[in-house]
Amino acid sequence: MSDLDTKPTTGSDEPGTVAKAASWVSHVISDLGKNGIFIALVLVVVLFAFLTDGILLRPQNISNLIVQNGYILVLAVGMVMVIIAGHIDLSVGSVAAFVGACSGVFAVHWGLPWWLSIILSLGIGALVGVWQGFWIAYVGIPAFIVTLAGMLIFRGLALVVLGNSNIGSFPSEYRALGNGFLTDLFGEYELDPLTLGVAALAILALITQQVRTRIGRQKYSQEVEPLVWFVAKLVLITLAIGFFAYALAAYKGIPVTLIVLAVLVFVYGIVMNRTVFGRHIYAIGGNRHAAELSGIKTRKVDFYLFVNMGTLAALAGLIFTARLNLAGPKAGDGFELEAISAAFIGGAAVQGGIGTIGGAIIGGLIIGVLNNGMSILGIGIEWQQAVKGLVLLLAVAFDVYNKRRAGGR
């Protein structure tokens with residue numbers, strides 16, 4: 001009787017254990033697939049850290065990565081929204097140059113207060129967005145054509161405003177937008193306490209949010225990831241944030257550009273994921289005709305998308321001008337290509353309807369690490385351009401491959 005009682009129990013436990021293990025592995029593989037772009041960023045960082053003998057991960061270089069690529073990341077936030085809706089914007093580089101030139105006239109030639117110069121410049125960017133949004137949304141001209149024309153128009157206007165010369169230098173408060181730091185606010189320390197404190201709060205908020213989400217899903221009997229994997233991910237993310245914060249704290253503290261980016265990512269993340277406007281953008285990109293039939297005012301959404309893009313292009317122009325302390329005719333060259341590349345590398349779909357703000361930021365960071373790493377290695381600009389083009393091609397090819405596989409073709 002004893003043997004008979006134990007045999008069924010042993011037999012029933014083994015399939016359950018195997019099934020549980022298979023489910024665990026399947027969940028981990030699926031999760032890694034969903035976070036492939038983040039894994040790609042980690043691999044690129046590790047590769048160049050090895051090739052540059054650790055120079056890439058030095059505190060000063062990590063801080064410079066954020067400051068040097070801040071304007072591209074700002075543009076990527078707006079560009080991914082435009083691409084999700086099924087459009088493209090080729091004018092952002094020229095708009096950034098035009099607004100930077102106007103800010104030079106306001107702050108340097110006219111002697112206006114730095115804060116008023118920034119407000120007026122952002123207003124000009126919004127007006128540029130109104131102009132282009134009108135032709136796209138209400139006249140019906142494709143965004144590619146309108147923004148191609150805008151690229152030429154606003155590049156020409158930038159040269160007119162500058163008079164084919166440079167404008168500088170700018171007030172120190174203005175320059176802080178591009179190369180300022182929050183440092184030594186609590187006294188001089190080897191590691192900036194403000195930076196470490198902000199990082200600690202960010203880690204605490206992240207862990208709290210993740211735990212609450214997991215408990216909420218369990219409460220409603222929804223599937224959750226294995227506990228070991230859940231804890232492992234939190235530990236890895238905590239270590240990454242901690243290392244990043246340590247690097248910033250060991251150099252000059254938190255860059256003002258990073259604060260601007262953090263606010264943008266937070267605000268636009270909410271807009272895209274938790275507002276009706278954000279849902280409408282995804283719906284339009286997924287199927288414009290169906291969105292119109294469902295009552296979405298597609299023209300209004302398109303119009304405000306380009307007003308927003310114009311404003312963010314203006315902000316990028318201000319950050320770039322502040323970093324160089326100069327408004328020049330060559331400003332903004334190639335910005336549109338960098339922003340578009342960041343969005344596509346970050347997972348945005350060519351046909352629209354798919355993409356995230358976080359993905360665009362990670363895509364922009366991958367481009368920034370590629371630029372920085374290859375520059376440290378002494379690789380020429382011609383090869384840098386070729387490598388970035390290849391990375392963009394592979395990213396879009398991967399997107400196309402995934403869609404075909406999902407469609408069973």
Side-chain angles (χ1 to χ4, degrees), residues 37-38 40-42 44-46 48-49 52 54-80 96 174-185 191-192 194-203 206 237 239-269 312-313 315-325 334-335 338-339 341-343 345-346 357-376 384 388:
I37 183 62
F38 181 76
L41 173 61
V42 172
V44 170
V45 170
V46 171
F48 280 103
T52 61
I55 296 176
L56 182 79
L57 296 180
R58 289 180 181 175
Q60 181 177 353
N61 194 63
I62 290 177
S63 182
N64 288 339
L65 270 172
I66 300 299
V67 174
Q68 292 172 359
N69 295 283
Y71 57 92
I72 295 300
L73 298 178
V74 169
L75 288 175
V77 170
M79 187 64 72
V80 73
Y174 181 104
R175 295 199 304 270
L177 183 63
N179 53 25
F181 293 84
L182 291 184
T183 185
D184 297 336
L185 295 183
L191 295 176
D192 181 54
L194 176 63
T195 304
L196 297 178
V198 170
L201 290 175
I203 291 172
L206 173 67
I237 294 173
L239 291 175
I241 295 175
F243 176 78
F244 180 67
Y246 171 81
L248 295 182
Y251 184 54
K252 290 184 178 180
I254 304 175
V256 174
T257 302
L258 180 59
I259 297 173
V260 174
L261 280 172
V263 172
L264 290 179
V265 171
F266 178 76
V267 171
Y268 283 97
L312 290 179
L315 178 58
L318 293 174
I319 292 174
F320 183 76
T321 303
R323 189 174 76 85
L324 295 184
N325 192 24
F335 282 16
E338 299 273 359
S341 297
I345 292 173
I357 300 296
I361 293 295
I362 294 177
L365 289 175
I366 289 176
I367 293 175
V369 172
L370 288 173
N371 287 334
N372 186 263
M374 289 189 289
S375 296
I376 294 173
Q384 292 187 32
K388 288 189 292 185

For this session: For residues Gln384 and Asn371, determine if any side-chain heavy atom of one lies less than 4.5 Å from a side-chain heavy atom of the other.
Result: yes
For this session: Enter the distance from Leu248:CG to Leu196:CG here, rounded to the nearest 0.5 Å.
Result: 9.5 Å
Exercise. Between CD1 of Ile62 and CZ of Phe243, what distance do you get to the nearest 0.5 Å?
Worked result: 4.0 Å
Problem set entry | Nearest atoms (heavy-atom pairs only) where Pro255 meets Val67 | CB-CG2, 4.0 Å
For this session: Could you pull out the closest heavy-atom pair between Ala360 and Val80, with the gap in Å?
Result: CB-CB, 3.8 Å
For this session: Can you measure from OG1 (Thr52) to CE (Met374) and round to the nearest 0.5 angstrom?
Result: 12.5 Å
Problem set entry | All side-chain hydrogen bond (donor to acceptor under 3.5 Å, both in side chains) counterparts of Asn372, not counting sequence neighbours | Asn61
Problem set entry | Within-4.5 Å side-chain heavy-atom neighbours: Asn69 and Val369 | no
Exercise. Got a second to check how far Ile361's CD1 is from Ile366's CD1, nearest 0.5 Å?
Worked result: 12.0 Å
Please tabulate, one pair per line, all N/O donor-acceptor pairs under 3.5 Å involving side-chain atoms of residues 257-268, not counting sequence neighbours.
unit_1 : atom_1 : unit_2 : atom_2 : d
Thr257 : OG1    : Leu177 : O      : 3.2
Tyr268 : OH     : Asn308 : OD1    : 2.3

For this session: Only counting residues at least two apart or in another chain, list the ones meeting ring pair (Phe, Tyr, Trp, His ring centres under 6.0 Å) with Phe335.
Result: Tyr71, Phe320
For this session: State the CG-CD1 distance between Leu239 and Ile203, to the nearest 0.5 angstrom.
Result: 8.5 Å
Problem set entry | Nearest atoms (heavy-atom pairs only) where Val256 meets Phe181 | CG2-N, 4.0 Å
Exercise. Is Thr195 reaching over with its side chain to a backbone N or O of Ala249, donor-acceptor style, under 3.5 angstrom?
Worked result: no
For this session: Applying side-chain contact (heavy atoms from CB on, under 4.5 Å), run through Leu57 and Val45 and close with a yes or a no.
Result: CA-CA 8 Å; Leu57 296 180; Val45 170; 3.7 Å; yes
Exercise. How far apart are the closest heavy atoms of Phe48 and Gly373, and which atoms are they?
Worked result: CD2-CA, 3.6 Å
Exercise. To the nearest 0.5 Å, how far apart are CD1 in Ile237 and CZ in Phe38?
Worked result: 6.5 Å
For this session: Find out whether Ile241 and Leu206 are in side-chain contact, i.e. whether some heavy atom of one side chain is under 4.5 Å from a heavy atom of the other.
Result: yes
Exercise. Would you call Thr183 and Tyr251 a side-chain contact if the rule is heavy atoms closer than 4.5 Å?
Worked result: no
Exercise. What is the minimum heavy-atom distance between Ile357 and Val77, and which atoms define it?
Worked result: CD1-O, 3.8 Å
Problem set entry | Ala76 versus Ala342, closest heavy-atom pair with distance | CB-CB, 3.9 Å
